[in-house]
Amino acid sequence: MASLKKIIAQSFLKMADGLENGSFADRPKIALTGMGSEHGEENAMAAAKMAAKRGVDVYYIGTLTAEGVTTIPVADEEEGHRKMEQMIEAKEVDGAVTMHFPFPIGVSTVGRVVTPARGREMFVANTTGTSSGDRIEGMILNAVDGIITAKACGIENPTVGILNVDGARQTEMALNQLKEGGYAFEWATSARADGGAILRGNDVLQGTPDVLVTDSLTGNVLIKMLSAFSTGGSFEATGYGYGPGIGKDYDKLILIISRASGAPLIANALVYAAELVSGKVFDKAKAEFEAAEKAGLSNILAARKAAQKPAQEAEEVKVPPAEPCTSSIAGIEVMDLEDAAKALWKAGIYAETGMGCTGPLVMMSDANLAKSREILRTAGYIS
């Protein structure tokens, strides 16, 4: 009889919790390491209490206690991280939010911000760790990571844009190959008049894409600036932090925040983790990597590594007679700019290099524009 009463009581508690939080499903269990913050443990515990009210079962690893939060007592930060890893491995929790974690090569984190111009949420792929030792390969994989994460958070068909950094054009070409191979995703279009999927600062502020692809060092800076621009940098007040580590065959849900993260952001990170649990992020990852592989991901990465640009700098190339350069071709990596011009010189076309507001340019006469475009496309400098 006592057992029956206990079951009934637990059922009523779940019903009450479901009414309060809009769901009768089990609440995701998310651990939070609270020691090591620049704002003290009280800041982390405040976040834990906020997240608990928003439907997360928070397991606080530290020294503080509070109603509605389960505390796992530890003596110091180092013990706290060991305990977090043990709980993840033993599946005592569904995921964790912490201030640092050594992800293996091939795994990097997808951040999530609220952009200031329009208040739109945007995933930044990626922000810590590294998807690859090769910059462009890493950005290609970051795009897949970002799509996985956005889909797990309920965005069925996320738009993808690439920040205008070194490697952006090569990344765009590779992703277009992947798209042509059958990997389905939608390009975002820049809010600037010239459009395109290569995005600039205006697009970052406006949140033009659902997923912004960049290298993880640049992504890290973006997260810090977008999270703390209103506080002078010492307190990350908005957004969801640096996000979960995503990579092929990786199955530990660990999200990163900063030592400068404030309670509102940490609470959001805990909710972010809970959304990923509910959205079955690792099932999404498996499906997306399988789809990308079927579309030729490994072959595209291998071909990109094997492809050697013509070694124009190793040979003497005579510059053709100068003529007015009234046309231009954009979309060339800045590191390839001089080689691209030499490729045109070798074909007898006078060309100059320059930098426009959208990035590097090779300039030539109107009469040579079409032929130049074909030469640069064949040589792999543009798509």
Side-chain angles (χ1 to χ4, degrees), residues 106 108 110 122-126 131-132 134-192 194-200 203-204 207-216 218-219 246-249 279 281 283-307 309 329-333 336 358-359 373-374 376-383:
S108 56
V110 180
M122 181 174 70
F123 295 88
V124 181
N126 285 7
S131 297
S132 170
D134 179 272
R135 177 186 180 83
I136 296 168
E137 178 174 296
M139 289 173 65
I140 295 164
L141 293 170
N142 287 353
V144 179
D145 294 345
I147 291 168
I148 288 164
T149 310
K151 285 188 174 183
C153 287
I155 303 176
E156 188 174 333
N157 190 25
T159 58
V160 177
I162 306 169
L163 189 65
N164 193 16
V165 294
D166 290 351
R169 295 293 179 177
Q170 295 292 327
T171 301
E172 182 186 28
M173 284 191 277
L175 290 175
N176 273 328
Q177 286 180 281
L178 201 61
K179 193 175 175 69
E180 289 163 10
Y183 183 65
F185 69 90
E186 294 297 323
W187 283 119
T189 302
S190 174
R192 297 297 297 270
D194 47 352
I198 303 298
L199 308 182
R200 286 173 278 166
D203 296 299
V204 175
T208 296
D210 294 313
V211 176
L212 179 70
V213 177
T214 184
D215 63 282
S216 60
T218 303
I246 303 292
K248 189 176 182 181
D249 300 325
V281 64
D283 289 348
K284 293 284 193 303
K286 186 174 185 296
E288 290 299 316
F289 276 113
E290 284 178 356
E293 194 57 46
K294 188 176 179 181
L297 177 61
S298 290
N299 292 336
I300 290 167
L301 296 179
R304 201 203 68 76
K305 285 182 178 178
K309 296 288 193 308
I329 297 173
I332 300 168
E333 295 291 352
D336 293 335
T358 60
R373 196 181 300 280
E374 185 58 34
L376 295 180
R377 184 179 292 112
T378 300
Y381 292 110
I382 61 173
S383 58

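Nothing fancy with the numbering, it's 1 onward along the sequence.
Smallest separation of non-hydrogen atoms from Pro209 and Val160: CB-C, 4.3 Å. Contact between Ala143 and Leu175 at its shortest, heavy atoms only, is CB-CD1, 3.8 Å. In this structure, Ser131 and Asp145 approach most closely via the heavy-atom pair OG-OD2, 3.4 Å. The two residues Val211 and Pro158 have their closest heavy-atom pair at CG2-CB, 4.2 Å. Nearest heavy-atom pair, Ala168 versus Asn164, reported as atom, atom and distance to 0.1 Å: CB-CA, 4.3 Å. Heavy-atom minimum distance, Gly380 versus Gln170: O-NE2, 3.6 Å.
The backbone N or O of Ala191 lies less than 3.5 Å from a partner atom in the side chain of Asp203, making a donor-acceptor pair. Judged purely by atom type and a 3.5 angstrom limit, Arg200 has no side-chain atom pairing as donor or acceptor with the backbone of Arg192. Looking only at distances, a side-chain donor or acceptor of Thr159 sits under 3.5 Å from a matching main-chain atom of Asp210. Remark: side-chain polar atoms of Asn142 are paired, donor with acceptor, to backbone N or O of Thr214 under 3.5 angstrom.
Under a 4.0 Å N-O distance rule, the pair Arg169/Asp336 does not qualify as a salt bridge. A salt bridge does not link Glu290 to Lys294: none of the charged nitrogens lies less than 4.0 Å from a carboxylate oxygen.
One distance of note links NZ of Lys248 with CD1 of Ile148; it measures 11.0 Å at 0.5 Å rounding. The distance from the CZ atom of Arg135 to the CD1 atom of Ile140 is 12.0 Å, given to the nearest 0.5 Å. Arg304 CZ to Asn299 CG: the interatomic distance, rounded to the nearest 0.5 Å, is 14.5 Å. Here the OG-CE distance, from Ser132 to Met139, works out to 12.0 Å after rounding to the nearest 0.5 Å. Taken to the nearest 0.5 Å, the CG atom of Asp134 stands 8.5 Å off from the CG atom of Leu301. Taken to the nearest 0.5 Å, the CG atom of Asp215 stands 12.0 Å off from the CD1 atom of Ile162.
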Walk me through whether Ile147 and Tyr183 qualify under side-chain contact (heavy atoms from CB on, under 4.5 Å).
CA-CA 11 Å; Ile147 291 168; Tyr183 183 65; 3.8 Å; yes
Would Met122 and Val204 count as a side-chain contact (heavy atoms from CB on, under 4.5 Å) here? Give the steps.
CA-CA 9 Å; Met122 181 174 70; Val204 175; 4.3 Å; yes
Applying side-chain contact (heavy atoms from CB on, under 4.5 Å), run through Ile329 and Tyr381 and close with a yes or a no.
CA-CA 10 Å; Ile329 297 173; Tyr381 292 110; over 6 Å; no
Determine, stepwise, if the pair Asn126 / Leu141 fulfils side-chain contact (heavy atoms from CB on, under 4.5 Å).
CA-CA 9 Å; Asn126 285 7; Leu141 293 170; over 6 Å; no
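Aromatic ring pairs are classed by plane angle as parallel below 30°, tilted from 30° to 60° and perpendicular above 60°; the pair Phe185 and Trp187 is perpendicular.
Inter-residue side-chain proximity for Ile332 and Ile382 is flagged as met; some heavy-atom pair is nearer than 4.5 Å.
A search for salt bridge (charged side-chain N to carboxylate O under 4.0 Å, His left out) contacts involving Lys284 returns nothing, not counting sequence neighbours.
The local environment of NZ in Lys179 is crowded, with over 12 non-hydrogen atoms from other residues, nucleotides or ligands closer than 6.0 Å.
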